[in-house]
Each structure stands twice: as structure tokens, then as C-alpha cells.
Amino acid sequence: MSEQNYNFKEIELKWQKRWEKEKVFKAAEDLTKKKYYLLEMFPYPSGKIHMGHVRNYTIGDVLARFKRMQGYNVLHPMGWDAFGLPAENAAIKHGVHPARWTMDNISYMKKQLKMLGLSYDWEREIATCHPEYYKWSQWIFIKMLEKGLVYRKKGFVNWCDSCRTVLANEQVEGGLCWRCESVVTQKELEGWFLKITDYAEELLAGCEKLSSGWNERVLTMQKNWIGKSYGAEVDFPVEDLNKAIKIFTTRQDTLFGATFMCMSPEHPLVSEIIKGTGYEGVVRQFASEISREDKRMRVAADIEKKGIFTGRHAINPMNGEKIQIWLANFVLIEYGTGAIMSVPAHDQRDFEFAKKYNLPIRIVIMPKQIFNSELQTLNSKLLKEAFIGEGYLVNSGQFNGLDSREARDKIGNYLNDKGIGKKTVNYRLRDWGISRQRYWGTPIPVIYCERCGIVPIPYEDLPVILPTDIDFPPDGKSPLVNNDKFIKINCPKCKGEARQETDTMDTFICSSWYFLRYTSPRFEDYPVNKEASAYWMPVDQYIGGIEHAVLHLLYARFFTKFLKDTGVVETDEPFTNLLTQGMVVKDGAKMSKSKGNVVDPDDIIDKYGADTARLFILFTSPPEKDLDWSDQGVEGAYRFLNRVWRLVTSQESEKIPNSQLRKITHLTIKKVTEDIEERFHFNTAISAIMEFVNALYQIQGSGVRGQGSEVNSEFREAINTLIILLSPFVPHIAEEMWEMMGNKGNLIKEPWPSYDPKFIKSEEITIVVQINGKVRGRIMAGADIDEEGIKKAVLSDEKIKEWIAGKEIKKLVVVPKKLVSIVV
RNA sequence: GCCGGGGUGGCGGAAUUGGUAGACGCAAGGGACUUAAAAUCCCUCGGCGGGCAACUGCCGUGUCGGUUCGAGUCCGACCCUCGGCACCA
């Protein structure tokens with residue numbers, strides 16, 4: 001490495017130490033100042049930070065520093081999402097205690113973050129595995145229990161055999177485990193659920209409020225996930241059984257066409273329905289076969305439809321018709337009521353099923369064109385596929401002739417009146433299963449007492465401490481299950497013998513409220529200090545990866561709404577603005593060990609320094625887009641910093657008169673400010689700075705080199721401005737240059753410059769001349785020229801005259817100060 | 001299938017409200033400096049054509065059409081691509 005290059009190692013360490021010593025990033029409530037809460041998603045301490053983290057945190061740091069310089073009281077905290085399976089897996093594999101593993105990782109990663117020069121208030125650091133933190137996760141759990149939002153249920157749940165634990169619906173991606181990508185199966189298990197569905201409507205409605213600050217993509221994903229649909233629930237009485245099967249449909253206009261019905265193999269009424277039919281054996285076998293199939297196979301859209309007749313019939317409540325009850329593999333227990341009415345003429349799945357098993361098909365909706373024609377011949381026998389569109393009702397008793405939309409309304413009312421069903425709204429969103437059959441997580445604060453049943457731990461006894469003296473049993477079970485010290489507990493109510501719950505909470509609980517805890521991280525009376533959260537919340541800008549679009553971001557909204565309803569906080573939406581940054585890729589693929597395309601941040605920092613790493617990442621791509629890593633691009637960023645360094649350090653004694661200097665300076669201020677503030681387009685902000693530097697070099701080169709000691713004050717001013725504008729992006733080198741310029745005090749405390757419109761006003765402007773839509777010339781004119789003046793100037797221009805010579809001007813458009821368009 | 005991004009030079013990207021397409025950077029080529037190299041500095045750099053030259057003409061933002069004096073930008077149809085959801089009743 002050449003000696004001419006600046007010494008980033010020394011400089012970066014120097015300023016990191018100084019910022020830390022002077023506590024320049026410490027945040028405190030100050031009602032006289034406007035607050036700005038900037039947050040990046042906290043990392044899981046997996047070992048080392050990766051380039052995705054570097055990008056995420058660099059973007060955040062630019063904004064934090066920028067806002068700070070603009071005079072905002074900035075809260076910019078960092079912490080650790082410290083519970084989770086990898087710690088436990090490391091323990092099993094390498095014999096390290098999960099706590100030890102986690103804490104070691106935290107301390108290494110913290111060092112790495114500090115080396116990047118990130119402006120965090122480290123005094124607010126939290127780790128979710130600390131009892132002082134998870135105590136409050138438990139507190140919130142009990143609050144939810146009190147409010148009836150927590151319940152225990154036995155049912156079919158998503159099971160990952162590799163992680164040996166249950167997964168929430170949100171954590172199953174395409175039938176695979178979100179963490180380890182193993183196939184997920186259904187397993188009947190008892191566990192704890194949070195009633196996020198109680199908030200479905202609010203969470204959906206909130207999406208509208210967020211539309212100005214969240215990107216469309218995330219909101220659409222959340223809306224789809226919540227999956228609201230309007231329809232009706234209808235009870236189909238079962239023949240010879242004092243029971244009814246409840247179905248959900250969005251097409252109650254097709255009720256008369258329901259010629260059979262299908263239940264999910266997991267439906268709780270199955271065993272009752274098959275009792276005494278003589279079909280019990282085969283049906284049971286079918287049901288258990290289907291249940292045992294992979295979730296992935298189950299949900300693949302093109303899998304063959306399979307079913308079996310239960311031997312029992314139901315009554316279509318609209319026409320009293322006796323219809324067969326089947327079990328079908330495509331009916332999902334987790335959607336709607338777990339049972340459907342089958343209308344083969346108007347639903348493609350039902351159609352295929354009916355064709356396969358020879359079940360009756362009856363048309364009850366006529367397409368409008370056919371209905372209006374003489375023929376009216378949509379024939380069920382000739383039907384090649386279901387007609388799923390809207391039309392007019394036929395074969396539907398008193399509802400014949402109505403159009404679908406009207407019929408849905410009228411039939412809905414009829415169901416209400418007759419007490420056979422009701423209009424309803426259905427959500428795809430399911431309750432959140434939070435029980436994890438693992439060790440390294442927040443203990444669920446309830447006990448089982450033989451006399452009192454399930455009893456929550458009293459608030460004053462929290463936290464329920466996760467024991468650390470544990471051994472991992474060879475059977476793969478949680479070390480808590482047989483840990484007598486942990487399990488044996490006296491019932492808080494009757495003081496008798498009781499058993500502590502051994503499931504731990506889903507780690508997504510920890511991250512559902514950490515942003516609140518940052519506002520008062522050491523508060524001892526409640527999860528959050530209400531005054532502190534009232535001052536800081538909501539988060540003004542949240543930054544993180546899109547992969548959490550429906551996981552963390554939905555859960556966090558749910559928790560915030562709940563805590564608002566409980567009176568703990570005043571905020572109802574936690575994140576006003578959300579920026580989802582793209583991935584860091586190399587050679588067209590996500591960085592991964594298996595592809596061998598991983599770039600280690602440590603190596604980059606060692607070779608080029610943090611400022612270069614930051615600059616490259618910010619300059620190469622706008623934040624939302626994927627960033628293609630390029631070693632040559634990094635070189636380029638480093639080259640630029642050295643170029644700036646030379647510019648600043650070499651302006652020894654020059655007198656440089658230049659009339660454009662101040663204008664360029666202020667234009668750059670304007671461009672950089674607007675690009676950061678309004679668009680987060682750091683790449684174009686940096687390119688404007690690069691142009692500025694290029695211009696300064698030119699001006700310097702054209703200057704009169706003299707022996708004197710006077711440095712032109714405007715040039716000096718320009719250099720100082722350049723340093724300030726660079727500082728959010730490359731803070732270390734900027735501070736160093738600031739100091740070298742003889743400025744007093746930390747650059748970080750310098751106010752962000754504002755531009756003066758009077759300097760950026762041009763006296764001369766360029767008017768583009770188009771003839772028949774093609775650019776044919778440019779003319780210079782005074783900035784205050786009026787429309788007539790422009791016309792005159794254009795028409796008297798020699799070149800333009802040539803183009804229009806001998807032709808008639810048919811039209812002439814003048815765009816003030818910009819352009820003239822002539823049609824000949 | 002549904003929903004949402006996106007398609008601009010060799011590459012990353014710019015063009016913010018319909019008004020000079022390709023800023024800035026990377027790569028490449030040429031030159032200066034050097035014994036030589038590195039570093040640095042200067043020049044060229046969308047395609048095709050014309051000119052000794054300062055220059056200049058035509059074409060060009062996935063495809064086809066439309067609106068407009070003027071379209072990368074707006075409208076319609078289509079193609080490709082990435083992402084999400086998906087037997088959702």
C-alpha cells in the first residue's frame with residue numbers, strides 16, 4: 001500500500017475512541033428538541049456480522065448522523081436478538097453453553113459494529129436473553145393471558161423435525177422451515193397461542209395509515225397474509241346425528257349447487273360422523289395417511305385431489321337435498337371452518353373432484369351472455385371446466401334470476417333470518433402458536449397445578465429464570481423437561497405441588513417489543529417508561545430486510561396495538577416509515593458459504609477501512625435494490641477517498657478566484673440534502689459530491705499558483721462544506737480532515753449546511769430548441785428572459801434559421817426557461 | 001393462478017413534475033510522468049455513417065401500437081425477469 005494513501009487505520013481508531021469518550025451519541029429525552037428515533041433491526045448474534053448487516057447499519061448510520069446534524073434529538077440504539085436455536089445447536093454440537101456462545105458472539109460482533117463507526121448510544125444496549133429483558137416479555141404474556149388473548153389448545157401444528165419444535169404459520173415458507181429449510185409436517189400437539197386474530201381487522205386497517213411510510217410491497221404482503229374475505233358461514237345438518245357441519249363460503253350465491261360436501265381429514269367432527277357407518281376403518285386410514293404427508297406436498301397446488309366417502313349424508317339447508325359427506329385432501333383445517341360445501345359446477349377443485357368420483361354436478365349460475373340468449377344451454381354434462389364467473393341464478397328456488405352480487409346479499413340475509421347461517425368475514429390469518437419445545441428461549445410463566453389448573457406466575461415473582469446449570473439429554477429433548485429444580489414449584493394459589501411449564505416462547509416474541517424497551521432500557525417498574533416512550537415513539541425510520549415483511553413486522557404491530565390497549569404505551573403503529581433494503585449479492589447470487597462468494601466485512605475493513613466499505617455500499621446501489629458486490633468498485637471508493645484526502649491536504653498556498661465556486665458549492669449542498677432527506681438516494685448524493693470534488697480540482701488547477709500564504713476564503717469554505725457533506729457517509733476521514741483544516745470542535749456537532757437560493761441562481765440559462773421534436777440547437781439567454789424574448793432569440797439564431805428556412809411554422813411551444821419546440 | 005417490483009451502454013447505475021437519455025463510478029483503450037512498474041494526472045468511451053477538422057446526420061431506454069409540439073417517463077396489448085402468496089373455499 002502506497003504511502004501517499006491516507007492512514008485509515010490510525011484515523012478510524014482515533015475518532016472511534018474520541019466519540020466514545022465524549023459520548024457524542026448518547027441520547028436523552030429533551031422536550032425542547034424535536035426527536036428522531038432511528039432504528040435498524042437488531043441482529044441475531046450468530047457469530048460475525050455479514051455484509052447484509054454492514055449495509056443495513058450503514059444506511060441507518062447515514063440517516064442518524066444526518067438528522068443529528070440537522071439538529072434533531074436522535075435516538076439510535078442497538079441490541080441483540082439473543083435467544084434462538086443456533087445457540088442451542090452449537091451447544092449440542094460443540095459442547096459450549098448457549099449462554100456462553102451467545103455472549104461471546106455478542107462481544108465479537110459489538111467490536112465489529114464499533115469498527116464501522118456506527119453512531120449508537122451503547123448505553124441503551126439490550127440483549128433479549130437477559131432476565132432483566134425477558135422478565136418483561138413474561139409480563140406482557142401474563143397481561144395477554146389476563147385479557148383473554150392467550151390460550152392453550154391441542155391441535156394440528158406445524159412441526160419441524162430437524163429443529164424438534166413447533167413453528168408458527170408465518171414461519172413455514174413453502175412447506176419448509178424458515179430457519180433450516182427442512183420439510184414441515186403436521187403434528188397433533190398441545191401448546192400456547194396468542195390471539196393475533198383478534199387484531200386482524202385493526203392490523204389490516206392500519207395498513208392504510210402506513211401507506212405513506214411503508215413500501216407498497218410489504219403492505220401488500222401483510223394484507224395478503226391477513227387475507228380478509230367476505231362471505232357466509234352456513235350450517236349443514238348431518239343426517240341422523242344431532243350435529244351440523246359449519247362451512248365458510250364466499251359464494252353463497254351458489255348454495256343451491258352444493259351437491260356434496262368435503263371436510264378436512266383433521267376436522268374434529270370426523271370420528272363422530274363415521275361412527276356406525278361401516279366406513280370407519282377405511283376413512284380413518286385415509287385421514288391418517290393424509291395427515292402424515294409433508295406440508296409441502298399438501299399445499300402444492302397441482303397435487304392430485306383425493307377423497308373418501310364418509311358413509312354419511314348431510315342436508316343442503318337451502319333445498320333440503322340429501323348430499324354425501326366426503327373427506328378431501330385439499331380441504332385445509334387451518335382455513336375457514338375446515339369444511340366446505342362443494343359446488344362442482346362453479347368451483348374448479350370441486351369440479352375435478354366430482355368428475356373423479358362421479359358426483360353430481362348442477363349448474364346454478366348462468367353466464368350473462370348465455371342467460372340473455374334464446375338458448376340458455378349451459379349443460380352440466382357437457383361442462384369441461386367449472387364456470388367460476390358471475391352471472392344469473394338458475395335452479396335456485398325463489399332466488400332464480402338474481403345476479404350473483406345481489407344474490408349473495410339476499411341469500412346472506414335469508415341465512416340470518418332462518419338461523420341456518422350468517423354473513424361473515426373470514427381471515428386467513430391464524431392465531432400465533434408460540435410454544436417452542438426448546439431450551440434457549442424465554443420461559444413461559446405459568447404452572448400446572450392439579451387442584452387449580454393452569455396458574456400464571458404472579459407479577460411480583462417474575463422473572464421465571466431460565467436455569468443455566470443444564471445438560472442436553474441425548475434424546476434431543478429440551479433440558480428443561482427433566483430438570484427437577486426448574487419444574488418443581490409450589491402453586492402460587494394453593495401453595496401445593498405444581499409443575500412449571502417447560503415450553504419456551506417463540507423468539508419472535510422478544511423482537512415484538514424491543515423497540516419500546518430502548519426508550520427506557522433499564523426501567524424497573526414496567527416494560528417501558530410511559531413518559532420516555534411517549535417522547536420517543538413511534539420509530540420515525542425503521543430499516544431492515546424484506547424477509548421480515550410478514551413475520552416480525554406483523555408481530556411487532558400486534559404487540560404495539562395490544563400494549564396501547566393495555567395502557568402501557570400511547571403508540572398504535574410502531575414504525576412510521578419503513579425502509580427495506582435489498583440483499584448484498586455477488587456474482588448474481590446471495591452470499592453463502594456453499595457458493596463460496598462470501599465477502600467478510602473484517603477483511604474489507606482491514607484492507608481499506610470502514611469509510612471505504614461504507615462509501616462503496618452506499619454509492620453502488622440505492623438502498624432498496626440488491627447490491628452487487630464488486631471488488632473493483634471497492635477499489636474505486638478507496639481511490640475517491642484518497643483523492644479527497646489529497647485535495648484537502650494539498651491546497652497549500654493558492655489564490656483561486658472563481659466566480660462559479662460558490663454556486664457549485666451551494667448547488668451541491670442542495671442536491672446532497674435533498675437526496676438524503678427525501679429519497680434516501682445516497683448513491684446520487686455521493687455522485688454529486690464526486691462532481692463537486694472534480695470541480696474543485698479543476699478550479700484549483702486553473703488557479704494562480706503563487707508564493708503567498710493566502711488561501712482563497714471561498715475555496716476554503718468550499719472545502720469545509722465538502723467535508724461536512726461527506727461526514728454522514730464517511731465520518732472518520734471527514735472528522736480528520738475537519739481537524740486538519742484547523743476547525744474547532746467535533747465535526748459531528750457541526751450543523752448541516754443549508755443552501756442560499758441567491759447563490760444558485762443562474763444569470764444565464766440554456767434554452768433547448770427542438771424542431772419537429774428533435775433537438776436542433778441550444779441558445780444562451782439571460783435568466784430573466786420572457787416568452788417573447790425567447791421566441792425572438794430563437795428565431796434569430798443562425799442555425800435555427802437554417803433549419804426552418806423556407807418552411808412555415810405551424811406551431812411554437814415555449815416552456816419558460818427550458819425549451820422551445822417548433823413544428824414546421 | 002393471484003399480488004407486487006423490475007427491464008436504460010461492456011457493468012453498477014443517473015435522468016426528482018412529460019422537456020438536452022446515459023450524470024457519477026467501474027471496466028476498457030490511448031497519452032503524460034517513470035530506467036521500468038505501481039500510484040497519479042489528461043483524453044476517448046451507446047450503435048451505424050459522413051468529414052482534414054472544430055464537427056455532423058441517422059438510429060437508440062424489452063416488443064408492438066397510441067396520446068402529445070415533445071415519451072425512458074403517460075395509456076393499451078404483449079414478452080422477459082425477480083420476489084411474495086398459493087388447492088384460501
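The structure presented is a predicted model; accordingly, all values stated were derived computationally and were not measured. Proteins get letters first, then strands, A, B, ... in listed order; numbering begins at 1 in each.
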Enquirer: Where do K228(A) and Y230(A) land on the side-chain hydrogen bond (donor to acceptor under 3.5 Å, both in side chains) test, with the steps shown first?
Expert: CA-CA 7 Å; K228(A) 182 179 187 176; Y230(A) 296 90; 3.2 Å; yes

Enquirer: Report the base-pairing partner of U68(B) (Watson-Crick or G-U wobble, both distances below 3.5 angstrom), or none.
Expert: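 None - no nucleotide pairs with U68(B), as no candidate has both distances under 3.5 Å.
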
Enquirer: So what does N683(A) hit on the nucleic acid, given a heavy-atom distance under 4.0 Å: a base, only sugar-phosphate, or nothing?
Expert: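 It contacts sugar-phosphate atoms only.
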
Enquirer: For the residue pair F682(A) and F680(A), categorise the inter-ring angle as parallel (less than 30°), tilted (30 to 60°) or perpendicular (more than 60°).
Expert: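 Ring orientation of F682(A) relative to F680(A): tilted.
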
Enquirer: Could you check how far OH of Y335(A) sits from C1' of C85(B), rounded to whole Å?
Expert: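 About 13 Å, once rounded to whole Å.
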
Enquirer: Tell me whether the side-chain N or O atoms of K811(A) pair up with the base of U68(B) as donor and acceptor below 3.5 Å, since no angle test is needed here.
Expert: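 A donor-acceptor contact between them is absent.
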
Enquirer: Could you tell me how far G10(B) sits from A28(B) if I compare only their C1' atoms? Round to whole Å.
Expert: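 These two C1' atoms come out 8 Å apart once rounded.
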
Enquirer: Specify the separation, in whole Å, of atom CD of E547(A) and atom P of C82(B).
Expert: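 So the two atoms are 19 Å apart, to the nearest Å.
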
Enquirer: Expressed as a whole number of Å, how far does the P atom of A15(B) sit from that of U40(B)?
Expert: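 Per the computed distance, 28 Å lies between those P atoms.
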
Enquirer: Considering every strand shown, what is the Watson-Crick or G-U wobble mate of A39(B) when both distances are under 3.5 Å?
Expert: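 When the pairing criteria are applied, nothing turns out to pair with A39(B), so the answer is none.
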
Enquirer: Indicate, yes or no, whether a donor-acceptor pair under 3.5 Å links the base of C87(B) to the side chain of K305(A).
Expert: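 Yes, a donor-acceptor pair under 3.5 Å.
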
Enquirer: When you compare G18(B) with U61(B), how far apart are their C1' atoms, in angstrom units rounded to a whole number?
Expert: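 Result for the C1' pair: 15 Å, nearest Å.
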
Enquirer: Rounding to an integer number of Å, can you tell me how far W225(A) CH2 sits from G84(B) P?
Expert: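 After rounding, the reported distance stands at 12 Å.
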
Enquirer: If you look at every strand shown and take non-hydrogen atoms under 4.0 Å, does K228(A) touch a base, only sugar-phosphate, or nothing?
Expert: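 No contact.
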
Enquirer: Output the single nucleotide from A89(B), C26(B), G25(B) whose closest atom is nearest the side chain of V331(A).
Expert: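 So the side chain of V331(A) is nearest to A89(B).
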
Enquirer: For K671(A) and N426(A), take the nucleotide of RNA chain B holding the closest heavy atom to each; which residue's nucleotide lies nearer the 5' end?
Expert: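 Between the two, 5'-proximity favours K671(A).
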
Enquirer: With the side chain of E691(A) defined as its heavy atoms from C-beta on, choose the nearest nucleotide among A23(B), U20(B), A89(B).
Expert: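 Closest nucleotide among those given: A23(B).
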
Enquirer: Using Watson-Crick or G-U wobble geometry with both distances under 3.5 Å, which nucleotide pairs with G6(B)?
Expert: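 Looking at the geometry, G6(B) pairs with C80(B).
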
Enquirer: If only atom types and distance count, is the side chain of Q171(A) paired as donor or acceptor with the main-chain N or O of A168(A) below 3.5 Å?
Expert: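 Checking the backbone N and O of A168(A) against the side chain of Q171(A), a donor-acceptor pair under 3.5 Å is found.
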
Enquirer: Say we look at A38(B) and G51(B): how far apart would their P atoms be, to the nearest angstrom?
Expert: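 Looking at atom P only, A38(B) and G51(B) are 38 Å apart.
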
Enquirer: Side-chain N or O of R646(A) less than 4.0 angstrom from OP1 or OP2 on A39(B)?
Expert: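 No, R646(A) has no side-chain N/O under 4.0 Å of OP1/OP2 on A39(B).
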
Enquirer: At under 4.0 Å, does any side-chain N or O of K774(A) touch on OP1 or OP2 of C59(B)?
Expert: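 For C59(B), OP1 or OP2 has a side-chain N or O of K774(A) closer than 4.0 Å.
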
Enquirer: Among A14(B), C69(B), A89(B), which nucleotide sits nearest the side chain of T250(A)?
Expert: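 Given the options A14(B), C69(B), A89(B), the side chain of T250(A) is closest to A89(B).
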
Enquirer: Of the candidate nucleotides A89(B), G19(B), G25(B), which contains the atom at the shortest distance from the side chain of V815(A)?
Expert: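 Minimum distance to the V815(A) side chain belongs to G19(B).
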
Enquirer: Measure across T250(A) and R408(A) and return the closest heavy-atom pair with its distance rounded to 0.1 Å.
Expert: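 The answer is O-CD, 3.4 Å.
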
Enquirer: By the definition side chain to side chain contact (heavy atoms under 4.5 Å, CB included), identify the one residue from I308(A), N329(A), V331(A) that meets it with I290(A).
Expert: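 Only one option passes, and that is N329(A).
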
Enquirer: To the side chain of L332(A), which of C24(B), A89(B), A14(B) is closest?
Expert: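 Closest of the options to the side chain of L332(A): A89(B).
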
Enquirer: Say we look at G5(B) and A89(B): how far apart would their P atoms be, to the nearest angstrom?
Expert: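 Comparing P positions in G5(B) and A89(B) gives a spacing of 22 Å.
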
Enquirer: Looking at R428(A), does any N or O in its side chain come under 4.0 Å of the phosphate oxygens OP1/OP2 on A86(B)?
Expert: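 Yes, R428(A) has a side-chain N/O under 4.0 Å of OP1/OP2 on A86(B).
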
Enquirer: Using the closest heavy atom to pick a nucleotide of RNA chain B for each, name whichever of P622(A) or V775(A) lands nearer the 5' end.
Expert: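 The residue mapped nearer the 5' terminus is P622(A).
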
Enquirer: Quick one: label K223(A) by what it contacts on the DNA or RNA (base, sugar-phosphate, nothing), any heavy atom closer than 4.0 Å.
Expert: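 Counting heavy atoms under 4.0 Å across all strands, no contact is made by K223(A).
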
Enquirer: Would you mind checking if E352(A) and R349(A) are paired as a salt bridge, meaning a charged N to carboxylate O distance below 4.0 Å?
Expert: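 Between E352(A) and R349(A) there is no salt bridge, as every charged N stays at least 4.0 Å from the carboxylate O atoms.
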
Enquirer: Can you tell me how far P of G70(B) sits from CD1 of I767(A), to the nearest Å?
Expert: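 Going from CD1 in I767(A) over to P in G70(B) covers 20 Å.
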
Enquirer: Taking U56(B) as the reference, what is the distance to G62(B) when you measure between their C1' atoms (whole Å, please)?
Expert: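 Comparing C1' positions in G62(B) and U56(B) gives a spacing of 30 Å.
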
Enquirer: I'd like to know if E216(A) reaches the base of G5(B) with its side chain, counting only an N/O donor and acceptor under 3.5 Å.
Expert: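 When only heavy-atom distances are counted, E216(A) does not reach the base of G5(B) through any donor-acceptor pair under 3.5 Å.
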
Enquirer: Checking contacts here: which listed nucleotide (A27(B), A14(B), C24(B)) is nearest the side-chain heavy atoms of H681(A)?
Expert: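 It is A14(B).
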
Enquirer: Could you check which of C24(B), C87(B), A21(B) has an atom nearest any side-chain atom of S687(A)?
Expert: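 Nearest to the side-chain atoms of S687(A), counting from C-beta on, is C24(B).
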
Enquirer: When the P atoms of A21(B) and G6(B) are considered, how many whole Å apart are they?
Expert: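 Their P atoms lie roughly 23 Å apart.
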
Enquirer: Base, sugar-phosphate, or nothing for V813(A), non-hydrogen atoms under 4.0 angstrom?
Expert: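 Touches a base.
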
Enquirer: Take atom CD of Q770(A) and atom C1' of C69(B), then tell me their distance rounded to the nearest Å.
Expert: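 Computing the Q770(A):CD to C69(B):C1' distance gives 8 Å.
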
Enquirer: Mind checking if D350(A) touches a base, just sugar-phosphate, or nothing, with heavy atoms under 4.0 Å?
Expert: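 Nothing, no heavy atom under 4.0 Å.
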
Enquirer: I want to check one thing: is the phosphate of C88(B), taken as OP1 and OP2, less than 4.0 Å away from some side-chain N or O of R430(A)?
Expert: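 No.
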
Enquirer: Which part of the nucleic acid, if any, lies within reach of R217(A) when heavy atoms closer than 4.0 Å are counted: base, sugar-phosphate only, or nothing?
Expert: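 Counting heavy atoms under 4.0 Å across all strands, the contact made by R217(A) is with sugar-phosphate only.
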
Enquirer: Under 4.0 Å between a side-chain N/O of R679(A) and OP1 or OP2 of A14(B), yes or no?
Expert: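 So the side-chain polar atoms of R679(A) never come under 4.0 Å of the phosphate oxygens OP1 or OP2 of A14(B).
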
Enquirer: Reckon S621(A) touches a base, only the sugar-phosphate, or nothing at all at heavy-atom distances under 4.0 Å?
Expert: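 Sugar-phosphate, backbone atoms only, no base.
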
Enquirer: Provide, to the nearest angstrom, the distance between the CG atom belonging to L327(A) and the P atom belonging to A89(B).
Expert: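 Rounded to the whole Å, the gap is 21 Å.
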
Enquirer: Under the rule syn = chi within 90° of 0, otherwise anti, which is G9(B)?
Expert: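 What G9(B) shows is a syn base, its glycosidic angle lying within 90° of 0.
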
Enquirer: Which label fits F353(A) and F260(A): parallel for a plane angle under 30°, tilted from 30 to 60°, or perpendicular past 60°?
Expert: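 Rings of F353(A) and F260(A): parallel, as their planes differ by under 30°.
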
Enquirer: Any side-chain N or O of N694(A) below 4.0 angstrom from OP1/OP2 of G25(B)?
Expert: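 Yes, because at least one side-chain N or O of N694(A) sits under 4.0 Å from OP1 or OP2 of G25(B).
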
Enquirer: Checking the side chain of H267(A) only, and the main-chain atoms of L269(A) only, is there a donor and an acceptor separated by less than 3.5 Å?
Expert: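 Judged by distance alone, yes, a pair lies under 3.5 Å.
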
Enquirer: Looking at every heavy atom in both Q581(A) and G545(A), which two are closest together, and how far apart are they?
Expert: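 That closest heavy-atom pairing would be OE1-N, 3.6 Å.
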
Enquirer: Considering Watson-Crick and G-U wobble pairs with both distances under 3.5 Å, what does G25(B) pair with?
Expert: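 With both distances under 3.5 Å, G25(B) matches C11(B).
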
Enquirer: Could you work out the separation of G72(B) and U20(B) based on their C1' atoms and round it to a whole Å?
Expert: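 Approximately 14 Å lies between the C1' atom of G72(B) and that of U20(B).
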
Enquirer: List the steps and the verdict of side-chain hydrogen bond (donor to acceptor under 3.5 Å, both in side chains) for S630(A) and Q632(A).
Expert: CA-CA 5 Å; S630(A) 145; Q632(A) 284 159 338; 4.8 Å; no

Enquirer: Taking atom P of G1(B) as reference, at what distance in whole Å does atom CG of N224(A) sit?
Expert: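 My rounded result for the distance is 17 Å.
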
Enquirer: How close or far is atom P of G25(B) from atom CG of L641(A), stated in whole angstroms?
Expert: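 Answer to the nearest Å: 13 Å.
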
Enquirer: Look at the side chain of R776(A) and decide which nucleotide, out of C69(B), A14(B), C58(B), has an atom nearest to it.
Expert: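 Of the options given, the side chain of R776(A) lies nearest C58(B).
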
